Amino acid sequence: MMAEAVTEHRDPEVMYVGMDLGTYRASVTASNGLRKTVVSVVGWPKDDISRKLLGKDMVFGHEAMRHRLALNLIRPLEKGVIKFSDDSTLASEEEIELYKEAAKEIVKHAIQLARDGSTETVYAVIGAPAQASVINKQSLIEAAMEAVDSVIVVSEPFSVAYGLDMLDDALIIDIGAGTVDLCRMHGALPEEGDQVTLTTAGDYVDELLLKLIKENHPDAQITINMARDIKERNGFVSDTNDRVVVRIPVEGRPRVIDITEECKQACRAIVPPIIEAVGNLIATYDPEFQARIRDNIVLAGGMSQLKGLDRLLEEGLEEFGGGKVSRVDEPVYAGADGALKLAYDMPDSLWKELK
Ligand SMILES: Nc1ncnc2c1ncn2[C@@H]1O[C@H](COP(=O)(O)OP(=O)(O)OP(=O)(O)O)[C@@H](O)[C@H]1O
Ligand SMILES: [Mg+2]
């Protein structure tokens, strides 16, 4: 397959789509030039009143979050996969179906956003977490098949690497909401031992931040969405940072509180597992090439935007012989762009086979 990768196989009748189907957001880059992103939640109106108010039967993304009190809201992906798809003993059959349905609608919606009406046929490459099991991959394929004509599921950090042309002696760390996906690139398709998935990612930080704020400010009325918002605006891991001061309701009235320490502690929690995983991936790499991979560590994903993260990881890596860490320019679209590049490079015969 790598030999094929040098030529593009574009069919003018087909819209090619690269999708990063994330726990937090689904982003697509399409061959018509459009790039779209939507927060991976879908809501159905709770009753006739809310249906009338919203003027539709289904609401997605930020709009759904804004009206969450009027909706049955579902965020179908958790830890990078469709919730319950790997362990069906955790929920009722009805619930499992609902989550699958929600994932399907999000894929459909994201593709719909990228359509411009010029072509009917859609071929998609979808990025999924590095270690998604066969069952999980199958449920992603099922979710996509209603919206596309042919689909290939690849590992998410691999699509990031492919998009950046970093196929050789590089280590990609994609830090999302549900998972941190690490992938070692050695000039061929990554194998099992090249990939690690950690679940200490963005959602984990949000929950920890919420817990810490509640512990230190028991009267503060704060939700998980507020904690995430605080993290996105202020998240940092360095020792020096401006104070993080927020307004949070206490008994219904806004109060100004300083949560600098809580914020730092919660954001820093993702660092030790990443350092350990990187250390292992380097140590088990061919010794001749260890120095090169060390100097080629790239952060992607929404959480890569935490202030000071690249430097703190470099500090932590000193114990393992050091390393150079950089960030991708576009954390939201790096995965989708890479997936589209892969879509172009797949031979047409393969797409037809998968139909
Ligand atoms: N500016 C920011 N600073 C820090 N974190 C951010 C920022 N913007 C978004 N995030 C966080 O990044 C995470 C989402 O990243 P991303 O969009 O890469 O995830 P995803 O691909 O949907 O998730 P996954 O890959 O785990 O399935 C969320 O936890 C979000 O709160
Ligand atoms: Mg992701």
Side-chain angles (χ1 to χ4, degrees), residues 18-29 35-41 61-62 65 75-83 85 103 106-107 110 126-132 136-137 140 143 153-161 163 172-183 195-210 223-238 241 244 263-264 266-271 273-274 298-310 312 327-339:
M19 179 180 299
D20 179 352
L21 181 58
T23 307
Y24 181 62
R25 52 170 72 244
S27 306
V28 294
T29 304
R35 297 214 286 190
K36 299 284 175 180
T37 184
V38 60
V39 171
S40 311
V41 297
H62 279 303
M65 307 267 271
R75 189 182 170 196
L77 300 148
E78 201 180 74
K79 304 200 166 78
V81 296
I82 300 176
K83 209 172 161 186
S85 67
I106 288 168
V107 172
I126 300 184
Q131 286 177 329
N136 283 320
K137 278 203 183 127
L140 286 178
V153 175
V154 298
S155 116
E156 214 168 81
F158 172 69
S159 64
V160 172
I172 308 296
I173 310 177
D174 179 3
I175 318 177
T179 54
V180 180
D181 287 292
L182 299 97
C183 182
Q195 318 203 40
V196 177
T197 298
L198 308 168
T199 50
T200 41
D203 289 348
Y204 174 81
V205 170
D206 301 342
E207 273 158 36
L208 184 57
L209 180 60
L210 181 67
T223 64
I224 191 80
N225 292 330
M226 291 158 77
R228 182 185 308 114
D229 194 50
I230 291 171
K231 176 198 71 181
E232 289 180 5
R233 285 170 201 269
N234 307 285
F236 75 103
V237 295
S238 46
N241 193 68
V244 178
C263 209
K264 176 163 136 188
C267 293
R268 277 192 168 206
I270 62 167
V271 173
I274 294 178
V298 179
L299 304 181
M303 288 285 287
S304 69
Q305 296 169 91
L306 286 181
K307 285 183 221 104
L309 185 62
D310 43 358
L312 189 67
R327 309 166 193 248
V328 297
D329 292 335
E330 291 191 285
V332 173
Y333 288 108
D337 288 0

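Counting convention: from 1, in listed order, for ligands and their atoms alike. Source: prediction; values computed, not measured.
Listed by chain and number, the protein N, O or S atoms at a distance under 2.8 Å from the Mg ion (ligand 2) are Glu156 OE1.
Taking distance alone, with nitrogen or oxygen atoms compared against 3.5 Å, Tyr24 approaches ligand 1 more closely than that limit. Taking distance alone, with nitrogen or oxygen atoms compared against 3.5 Å, Gly176 stays at or beyond that limit from ligand 1. Not one N or O of Pro331 is nearer than 3.5 Å to an N or O of ligand 1, by distance alone. At under 3.5 Å, not a single nitrogen or oxygen of Leu21, backbone or side chain, sits near a nitrogen or oxygen of ligand 1.
Within ligand 1, counting atoms from 1 as listed, the ones closer than 4.0 Å to a heavy atom of Leu306 are 4 (C). Close approach of ligand 1 to Gly301 is summarised as follows: ligand atoms under 4.0 Å from at least one heavy atom of the residue are 18 (O). Taking every non-hydrogen atom of Thr179 and a distance limit under 4.0 Å, the qualifying atoms of ligand 1 come out as 26 (O). Using a 4.0 Å cut-off to heavy atoms of Gln305, the atoms of ligand 1 that qualify are 1 (N), 2 (C), 3 (N), 7 (C), 8 (N). Every atom of ligand 1 is numbered from 1 in the order shown, and the set under 4.0 Å from a heavy atom of Gly202 is 29 (O). Close approach of ligand 1 to Arg228 is summarised as follows: ligand atoms under 4.0 Å from at least one heavy atom of the residue are 31 (O).
At least one donor-acceptor pair closer than 3.5 Å links the side chain of Arg268 to the backbone N or O of Val237. Of the possible donor and acceptor atoms, one in the side chain of Gln305 sits under 3.5 Å from a partner among the backbone N and O of Gly302.
Contacts with ligand 1 closer than 4.0 Å are made by side-chain heavy atoms of Glu156 only, the backbone lying farther away.
Nearest residue to atom 19 (O) of ligand 1 from Ala336, Ser40, Ala177, Gly22 is Ala177 (criterion: closest heavy atom). Of the options Lys231, Glu232, Glu78, Arg25, the smallest heavy-atom separation from atom 29 (O) of ligand 1 is shown by Lys231. The closest heavy-atom contact to atom 5 (N) of ligand 1, among the options Gly335, Ala334, Gly302, Ser304, comes from Gly302.
Side-chain atoms of Arg35 and Asp337, non-hydrogen and from C-beta on, do get closer than 4.5 Å to each other. Side-chain contact between Leu306 and Ile270: present, with at least one pair of heavy atoms (C-beta onward) separated by less than 4.5 Å. When side chains are defined from C-beta on, Leu309 counts as touching Val271, because their heavy atoms get closer than 4.5 Å. Within the 4.5 Å cutoff, no side-chain heavy atoms of Met19 are placed close to those of Leu140. At least one side-chain heavy atom of Glu156 sits under 4.5 Å from a side-chain heavy atom of Asp20. A 4.5 Å side-chain heavy-atom check between Leu21 and Val153 finds every atom pair outside the cut-off. In this structure the side chain of Val180 never reaches within 4.5 angstrom of the side chain of Pro273, judged on heavy atoms. Residues Lys231 and Cys267 meet the side-chain proximity criterion, which asks for heavy atoms closer than 4.5 Å.
Residues Arg25 and Thr37 bring a donor and an acceptor atom of their side chains to less than 3.5 Å of each other.
Across all non-hydrogen atoms, the minimal contact from Leu209 to Ala227 is CD2-O, 3.5 Å.
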Going through the distances and angles, do Thr223 and Asn225 end up as a side chain to side chain donor-acceptor pair (under 3.5 Å)? CA-CA 5 Å; Thr223 64; Asn225 292 330; 4.9 Å; no

